[in-house]
Amino acid sequence: MGVCNRVSFRLGCALVAGVFLWWGSSISVVGQSAFPQRLDDYFTKVLKLSAQERKVLLAGAPLAKNLDADPGKEVAVFGAIWIAAPVAAYVAAVRDIENFEKGASFRVTKKVSEPARIEDFAQLVLPDEDVQDLKACKVGDCELKLSADALARVKKEVDWTRPDAKAQLERLVRMMAVDYVNEYRKGGNSALAVYRDGAHPTFVANEFRELVNGMPELTEYLPSMRQYLLEYPKPAPRPTTSFIYWQEAQFGLKPTIRLNHVAIQEEIDATIVASKQLYSSHYFWTALELRALVPDPPRGTGFWFVNVNRSRSDGLSGFVGRIIRGKVREAARSGIESALTAAKKRLEAR
């Protein structure tokens with residue numbers, strides 16, 4: 001079985017990350033039978049929610065559904081729920097990301113300093129299976145997503161004949177992670193990796209740009225966030241705070257190391273939170289998660305929590321990919337539904 005097919009099989013058990021949404025501020029509500037006007041327009045024109053789906057949301061239950069996407073490489077899922085808690089509580093939780101994404105499938109979550117330091121990655125430990133895979137990795141045939149330069153450094157700088165080879169490898173990976181983050185902060189998307197794990201190079205920057213440009217609502221309704229995501233580190237037209245963090249999470253059959261860039265744009269009538277994947281050791285080329293926190297004063301204290309996750313992977317192509325696509329889409333849908341319920345429970349408990 002080739003590299004792509006092996007990845008396809010594993011992706012069938014994996015969670016899917018990434019996101020998209022649209023928000024609005026105008027209010028047109030009679031009792032609790034409607035949504036803020038622009039949010040309602042989004043539900044009508046873009047998502048085409050049915051009357052029953054609207055009833056689910058208005059009753060306070062989570063709603064999750066798959067969105068149209070290229071079945072050969074992309075999974076997209078929408079989710080929404082009403083959360084009876086202040087918007088500020090959610091924003092504070094996200095900024096405390098080390099505790100917010102902790103436990104369950106999250107093994108380690110750590111914020112990265114600015115500039116990044118080797119100490120930021122002190123807890124980065126490679127799974128034994130990844131160590132064995134890297135020992136045999138070469139350009140065009142590798143179980144981990146790495147650039148040609150990274151693969152060359154592993155081959156050159158790790159002495160596999162020594163008993164401390166794993167420690168050497170982990171030191172090197174930590175140094176490369178520091179360099180990767182610092183270069184991204186200087187050069188933005190142009191510094192993102194070109195993966196050489198498969199037969200053809202995967203340009204992460206190109207995949208991300210195509211993913212963003214395939215979201216017309218983002219282009220039309222969230223131009224400031226779109227500009228920030230595509231043109232970072234240039235300043236955004238709207239005030240934006242951000243941070244980068246890394247984590248080891250259990251996705252599918254393999255622990256996966258990821259780097260994410262979170263951007264937050266706060267306004268009086270809505271808050272937008274974007275989580276952009278910079279790197280993933282397995283499964284994903286790129287991913288984007290956008291979350292809209294939309295207050296609805298006639299409904300009471302709280303906000304509509306609306307998000308859409310979009311991710312791209314080579315695991316959905318080929319013979320095996322065609323077989324597992326349905327399972328991957330359903331895993332994404334049910335996963336976001338569970339996450340919405342957990343977020344509601346956690347924030348309302350405060």
Side-chain angles (χ1 to χ4, degrees), residues 16-24 38 42 45-47 65-80 94 145 180-181 183-195 201-245 258-267 270-280 283-294 306-317 329 332 336:
V16 180
V19 182
F20 162 65
L21 69 290
W22 174 68
W23 60 275
R38 290 189 177 183
Y42 172 69
K45 297 176 182 178
V46 179
L47 297 180
K65 59 187 295 182
N66 292 111
L67 302 176
D68 291 337
D70 183 339
K73 63 179 180 180
E74 188 171 322
V75 174
V77 60
F78 155 84
V94 170
K145 296 191 178 302
Y180 189 69
V181 171
E183 287 304 311
Y184 170 73
R185 281 176 166 152
K186 293 177 183 176
N189 292 344
S190 64
L192 294 177
V194 178
Y195 293 145
T202 299
F203 293 82
V204 174
N206 292 351
E207 294 295 333
F208 182 74
R209 184 174 60 252
E210 288 178 9
L211 186 146
V212 169
N213 288 337
M215 302 197 297
E217 296 85 353
L218 182 62
T219 302
E220 185 174 349
Y221 300 112
L222 294 172
S224 178
M225 182 59 81
R226 177 183 182 275
Q227 182 175 336
Y228 182 84
L229 292 170
L230 293 179
E231 298 183 7
Y232 175 86
K234 292 182 180 179
R238 197 169 286 163
T240 305
T241 59
S242 73
F243 61 88
I244 292 174
Y245 72 99
R258 302 190 304 169
L259 274 167
N260 294 320
H261 180 191
V262 174
I264 303 170
Q265 294 182 347
E266 294 184 72
E267 298 186 350
T271 298
I272 307 301
V273 179
S275 183
K276 168 186 178 183
Q277 180 186 287
L278 306 181
Y279 172 77
S280 178
Y283 304 121
F284 307 112
W285 293 336
T286 190
L288 175 63
E289 179 178 1
L290 296 175
R291 287 161 268 182
L293 286 59
V294 185
V306 183
N307 66 66
V308 176
N309 301 340
R310 290 189 177 267
S311 61
R312 287 190 169 191
S313 169
D314 52 1
L316 297 172
S317 61
R329 285 168 58 85
I336 198 171

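Being a predicted model, the structure only gives us computed values, none of them experimental.
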What residues form a side-chain hydrogen bond (donor to acceptor under 3.5 Å, both in side chains) with [X], not counting sequence neighbours?
{"X": "Glu183", "result": "none"}
{"X": "Tyr245", "result": "Glu101, Asn260"}
{"X": "Glu207", "result": "Arg312"}
{"X": "Thr241", "result": "Arg95"}

Subject >> With sequence neighbours excluded, residues passing salt bridge (charged side-chain N to carboxylate O under 4.0 Å, His left out) with Lys65 >> reply: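 Only Glu53 meet the salt bridge (charged side-chain N to carboxylate O under 4.0 Å, His left out) criterion with Lys65.
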Report the distance from atom [atom1] of [X] to atom [atom2] of [Y], rounding to the nearest 0.5 Å.
{"X": "Phe243", "Y": "Ile264", "atom1": "CZ", "atom2": "CD1", "answer": "5.5 Å"}
{"X": "Trp285", "Y": "Lys145", "atom1": "CH2", "atom2": "NZ", "answer": "7.5 Å"}
{"X": "Phe284", "Y": "Tyr195", "atom1": "CZ", "atom2": "OH", "answer": "11.0 Å"}

**OP:** List the steps and the verdict of side chain to side chain contact (heavy atoms under 4.5 Å, CB included) for Leu192 and Tyr279.
**Re:** CA-CA 8 Å; Leu192 294 177; Tyr279 172 77; over 6 Å; no
If we only count heavy atoms from C-beta on, is the [X] to [Y] side-chain gap below 4.5 Å?
{"X": "Arg291", "Y": "Ser275", "value": "yes"}
{"X": "Asn213", "Y": "Leu230", "value": "yes"}
{"X": "Ile272", "Y": "Arg238", "value": "no"}
{"X": "Thr202", "Y": "Asp314", "value": "no"}
{"X": "Lys73", "Y": "Glu210", "value": "yes"}

**OP:** Please name the pair of heavy atoms, one in Ala287 and one in Ser311, separated by the smallest distance, quoted to 0.1 Å.
**Re:**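 What the structure gives for the nearest pair is CB-CB, 3.9 Å.
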Original post:
So which heavy atom on Leu229 is nearest to which on Phe208, and how close?
Top reply: O-CE2, 3.7 Å
Original post:
Is it true that the side chains of Thr240 and Gln265 contain a donor and an acceptor less than 3.5 Å apart?
Top reply: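 Side-chain D/A pair, Thr240 to Gln265: present.
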Original post:
Between Leu218, Asn189, Leu290, Thr286, which is the residue that forms a side chain to side chain contact (heavy atoms under 4.5 Å, CB included) with Val212?
Top reply: Leu218
Subject >> Partner of Arg310 by side chain to side chain contact (heavy atoms under 4.5 Å, CB included), out of Leu67, Val75, Val77 >> reply: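 Result: among Leu67, Val75, Val77, Leu67 is the only option passing the side chain to side chain contact (heavy atoms under 4.5 Å, CB included) with Arg310.
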**OP:** Under the side chain to side chain contact (heavy atoms under 4.5 Å, CB included) rule, collect the residues that match up with Pro237, sequence neighbours excluded.
**Re:**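 Side chain to side chain contact (heavy atoms under 4.5 Å, CB included) list for Pro237, sorted by chain: Ser224, Gln227.
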Original post:
Can you name the side chain to side chain contact (heavy atoms under 4.5 Å, CB included) partners of Pro201, sequence neighbours left out?
Top reply: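 Result, side chain to side chain contact (heavy atoms under 4.5 Å, CB included) vs Pro201: Val194, Arg196, Phe203.
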Original post:
What residues, two or more places apart in sequence or in another chain, satisfy ring pair (Phe, Tyr, Trp, His ring centres under 6.0 Å) together with Tyr180?
Top reply: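 By the ring pair (Phe, Tyr, Trp, His ring centres under 6.0 Å) rule, Tyr180 matches no residue at all.
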**OP:** Output all residues satisfying ring pair (Phe, Tyr, Trp, His ring centres under 6.0 Å) with Tyr228, sequence neighbours left out; order by chain, then residue number.
**Re:**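 So Tyr228 forms a ring pair (Phe, Tyr, Trp, His ring centres under 6.0 Å) with Tyr232, His261.
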